[in-house]
Amino acid sequence: MIDRALLRDNPDLIRENLRKRHMDYDLDTLLALEARRRELLQVENLRAQRNDLSKQIGQIIREGGNAEKLKTQVHALAEEIANQEQELGEVETRFEGMMAALPNILHPEVPEGESEEQNVELHRWGESRSFEFEPKPHWELGEALGILDWERAAKMASARFVMDLGAGAALERALINLMLDTHTRKHGYTEVSPPLLNNERSAFGIGVLPKFEEDLFKTREGLYLVPTAEMPLTNIHQDEILEGEKLPLCYTAYTPCFRSEAGAAGRESRGLIRLHQFHKVELMKYVRPEQADAELEKLLRNAETILEMLEIPYRRMALCSGDMGFQPRQTFDLEAWMPGMGKYVEISSCSQYGDFQARRAGIRFRPEPEAKPEYVHTMNGSGLACGRTVAAILENYQTEQGTVVVPEALRPYMGGLPEILPRLP
RNA sequence: GGAAGGGUGGCCGAGUGGUCGAUGGCGGCGGUCUUGAAAACCGUUGUGCCGCAAGGCACCGGGGGUUCGAAUCCCUCCCCUUCCGCCA
């Protein structure tokens, strides 16, 4: 949610923002609703009159007088108030609905562009190994090694699920532990193990509701399976006023993530890239506005550190205006090199939201002990997506025999296992 | 799932249908006293919206209703606690 004051003070900025995002949005209707809403605020005068007369009635009755005439007068006034309040309510509902669907204002440094094609590569790390053989995609490797099983996952669940077995399951568990240990012990994040079903308010708070309900799995009880730990982590401090000196607050969580992937049929359907359930270690910060850019850079470095520890080549991309999501004001993707697939694949997405989510979720802080509360800035990023990291390891560390060497950094977490060999049935 | 009791300001906790945005306590802030501190005492201390301001409006879990007037009465939903049942 953006600041209402912007609508009045700088509608052109919003219009320009929509243009950069290549988004269709009926801003004129929103502006008209806002104007009407403000007109209707004059009901407050009527309410003031009513309050005043009611007080007089109380006074008269206490003194034993007859207040019938006044009562009739107030009754008529109340009807008029009710009429205006009804229109105000309708206008407000429409206004709020449209506000909730208005995308965030972009950070000035977001490159302008229409689609993925215009994303800007900022830097690369690591060299791709040279292969003396044709490197295989991870799904072939995983299947041949018997550590990834799509067929049985589909049998017990449906397509777009996977089951990890043996060293595959152990590899993912090792990754989770490496990431959490690094982020908590070296990077100063507090580990969280949050509820994986969140309510509507929390989904609204991060901006996936009301616009993106079809992407979520919903229970009969009306709760949503978390599509990312961003949802519970951002709602830890929902409706709270934080102490300024405690910021930034840094949290990390390992969670499964559930996405319906509606409308994704046929896209990148193979392997570990796009699943209904995947696992992710998330990084999340609540910061003061002036800290935001620097803290996002640190967060990016925290995520990149994991890729460097695993010695997986990657590049950092700045998403362009047309490729960015609805909620963030700036997004950087980390893309891991996948030799088997022959391309870079997103393995982490790190975004800052300004006060967009804080406004929706009601998260504020006091800059000084006695000062007025202000909205915090929120940001988060994957650190990293586990399934895609497994894929990157399989593809980067594969041998000609189809086995996979275990990265040095992971061996202590896998009982010293140096290499993943075909699993015996 | 069944039964009972609750949801009030940063926290605890009062609250009669009318001067209650809400008594009181704790905590916070300012002050008096003190060499300093503690104690004691005095004052102050919610949020949002509209407004240059004065001020006005709204908010006592959410929504609806009764009434001239609702924190207070009625309906409904949600949440929490305790007991019972079930259960990793």
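Worth knowing before you read on, the calculation uses all heavy atoms, side chains too, and leaves out hydrogens, waters and symmetry mates. It should be emphasised that the depicted structure is a prediction, and the values quoted were computed from it without experimental measurement.
Within the structure, salt bridge (charged side-chain N to carboxylate O under 4.0 Å, His left out) pairs that include any residue of residues 324-334 of chain A do not occur (at least two apart or interchain). Judged as a salt bridge (charged side-chain N to carboxylate O under 4.0 Å, His left out), the pairs with a partner in residues 30-40 of chain A (not counting sequence neighbours) are, in order, A:R8-A:E34, A:E34-A:R37, A:R36-A:E39, A:R36-A:E87, A:R37-A:E92. Residue pairs meeting the salt bridge (charged side-chain N to carboxylate O under 4.0 Å, His left out) criterion with at least one member in residues 182-206 of chain A, sequence neighbours excluded, are A:D181-A:R185, A:R201-A:D239. Residues in residues 101-110 of chain A take part in no salt bridge (charged side-chain N to carboxylate O under 4.0 Å, His left out) pair, two or more places apart or across chains. Here side-chain hydrogen bond (donor to acceptor under 3.5 Å, both in side chains) pairs that include residues 138-147 of chain A, with residues two or more places apart or in two chains, are A:H138-A:E395.
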Atom pairs and distances, donor-acceptor, side-chain atoms in residues 247-256 of chain A, under 3.5 Å, two or more places apart:
unit_1, atom_1, unit_2, atom_2, d
A:Y251, OH, A:H237, NE2, 2.7
A:T252, OG1, A:E282, O, 2.9

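Shown here are the ring-ring contact (aromatic ring centres under 6.0 Å, His included) partners of A:Y314, two or more places apart in sequence or in another chain: A:W125. Applying the ring-ring contact (aromatic ring centres under 6.0 Å, His included) criterion to A:Y353, with sequence neighbours excluded, gives no partner residue. Under the salt bridge (Lys or Arg N to Asp or Glu O under 4.0 Å) criterion, A:K298 pairs with A:E295, sequence neighbours left out.
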Measure all distances between protein nitrogen or oxygen atoms and nitrogen or oxygen atoms of nucleotides 8-10 of chain B, and list the pairs falling under 3.5 Å.
none

Check: protein-nucleotides 60-68 of chain B nitrogen or oxygen pairs below 3.5 Å:
unit_1, atom_1, unit_2, atom_2, d
B:rC68, O2', A:S54, OG, 3.1

Using a cut-off of under 3.5 Å, enumerate the N/O to N/O pairs linking the protein to nucleotides 52-56 of chain B.
unit_1, atom_1, unit_2, atom_2, d
B:rG56, N2, A:E44, OE1, 2.9

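Note: CD1 (A:I363) to P (B:rG48) measures 15 Å, nearest angstrom.
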